[in-house]
2 protein chains.
Amino acid sequence: MSGVRAQQKEKTRRLLVDAALNQLSAARSFSSLSLREVAKEAGLAPTSFYRHFSDMDELGLTLVDEAGLTLRQLMRQARQRIAKGGSVIQISVETFMELIESNGNVFRLLLRERSGTSAAFRAAVIREIRYFTMELCDYLQQANDLDSEVAYMQANAAVTIVFSAGSDALDMEDKTERVQLSKQTIQQLRFIARGAAELSDRRKAGRKTRK
Amino acid sequence: MSGVRAQQKEKTRRLLVDAALNQLSAARSFSSLSLREVAKEAGLAPTSFYRHFSDMDELGLTLVDEAGLTLRQLMRQARQRIAKGGSVIQISVETFMELIESNGNVFRLLLRERSGTSAAFRAAVIREIRYFTMELCDYLQQANDLDSEVAYMQANAAVTIVFSAGSDALDMEDKTERVQLSKQTIQQLRFIARGAAELSDRRKAGRKTRK
DNA sequence: AGCAATAGCGTACACGTGTACGCTTAAATT
DNA sequence: AATTTAAGCGTACACGTGTACGCTATTGCT
């Protein structure tokens, strides 16, 4: 019942997953990784790969799942920090940027496979990002008392801006450049928040007078 | 002097470029294209490829250049339409969406290689997009009398939003879905415009009182 | 007219790829 | 203790890849 075998299997499975993640870089996308490369990096014979995944695609989807997990951890962490007070937007952006610095490869995976070549991957990534967006949407609607449609548009725009900034940040090695980018991103999010708040107010006023 | 030879060479060079472009699709990225495939599609022997490009990379950069050209045509067309009156934002978004419907592959190339695997490609794509952004920035600054830094942030955010929407539009086969996306994008751009105008005003007021 | 340049082709090679197949060895089950 | 299960390995194969090399045929130049 201890499952020495299953335990060992899970261990080398992780070896494969980690091997794939570690091979990702600015110059190396998941789709450019070969089964043999991953197996070799994990210290396995090529054919042993099949004991864990039937395909590189299957490994890839596992990776996307892990990336989604990381994204959710990010949200949790941001919420905790926000609870302690401070500018919501600023804290969110800074938390996000930290994630990118420490988990660049995970983020790269999401960015690339989003517009990648495999329909399954795209669907999986889009699902994760949508989940992320919806979570933000709920928060905005509740915290700022927004019209639900307006909240969605704001959340969607904000996520787009932040992800794009993250993508840019990945290519920066200079620290001050990144700080500058953060500032700009924060300002852009404020633009959006401002516009959304206004539209939401206008809609509410419209509903009132119509009654 | 007529240059029968050079003329013919240019012709088959175009054959290669077009062959590469035609092979692009949702399921096929440029980096997944092989020299042999492109040559075959162009009706050439693999080795004849080298008479025109030393590399697939060189062909790729040519493609990016063409994409940049398309982007500039887009700007010109949008400007012409704007001159005839109407909502600037609406016209811009609609023009952009038309481009995507008719030149999906060109746009896909830009989107993918932007976060792609080759540093040279990324640099080239980023240059084209930056040029696009700067052009918009100038327009905004002049037309709306904005603070220059604010205008840049607005232009940058707008381009990000529009490109992201374009990327989403590529995956839609339903027409009404695309119309809905356009509406949302227009609204999001208005959010940004609103926020930017406000910040610009605040900055100007600040400068006045300080004098 | 004669020579040089060159676009395009065919052949050939070494290399990396996915994966089918059978074997070994150790855990799990009986 | 005997048997079944399955993780991992090595070998082997067919296939697609980039590209070096030499050849042909046509254009351009002198």
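Each chain gets a letter, A, B and so on, in the order the sequences are listed, and its residues count up from 1.
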Indicate yes or no for a side-chain donor-acceptor contact from [X] to the backbone of [Y] under 3.5 Å, with no hydrogens or angles considered.
X: A:T12; Y: A:L15; value: no
X: B:T70; Y: B:E66; value: yes
X: A:E41; Y: A:Q23; value: no

Can you tell me the distance, in whole Å, between the [atom1] atom of [X] and the [atom2] atom of [N]?
X: B:Q7; N: D:dT26; atom1: CD; atom2: P; result: 18 Å
X: A:K9; N: C:dA27; atom1: NZ; atom2: P; result: 16 Å
X: A:F49; N: D:dA7; atom1: CZ; atom2: C1'; result: 15 Å
X: A:K40; N: D:dG8; atom1: NZ; atom2: P; result: 19 Å
X: B:L16; N: C:dA7; atom1: CG; atom2: C1'; result: 12 Å
X: A:K11; N: C:dA26; atom1: NZ; atom2: P; result: 16 Å
X: A:L44; N: D:dA7; atom1: CG; atom2: C1'; result: 10 Å
X: A:R14; N: D:dA7; atom1: CZ; atom2: P; result: 18 Å

Is a donor-acceptor contact shorter than 3.5 angstrom present between the side chain of A:R5 and the base of D:dA7?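 Answer no: no donor N or O sits under 3.5 Å from an acceptor.
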Closest nucleotide among C:dC9, D:dG28, D:dA7 to the B:V4 side chain: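 The closest nucleotide is D:dG28.
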Taking only distance into account, with no hydrogens and no angle test, what donor-acceptor pairs under 3.5 Å do side-chain atoms of residues 163-178 of chain A form with protein atoms, sequence neighbours excluded?
unit_1, atom_1, unit_2, atom_2, d
A:D171, OD1, B:R122, NH1, 3.1
A:D174, OD2, A:T176, OG1, 2.9
A:R178, NH1, A:A169, O, 3.1
A:R178, NH1, A:M172, O, 2.9

Base versus backbone protein contacts along nucleotides 16-22 of chain D [heavy-atom cut-off under 4.0 Å; B, S, -]: -BBBB--
Distance under 6.0 Å and angle within 45° of the ring axis: does B:R72 meet both against B:Y131?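 The answer is yes, since B:R72 meets both limits relative to B:Y131.
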Cationic tip of A:R112 within the cone over A:F30's six-membered ring, i.e. under 6.0 Å and within 45° of the normal?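 Cation-pi check for A:R112 and A:F30: fails.
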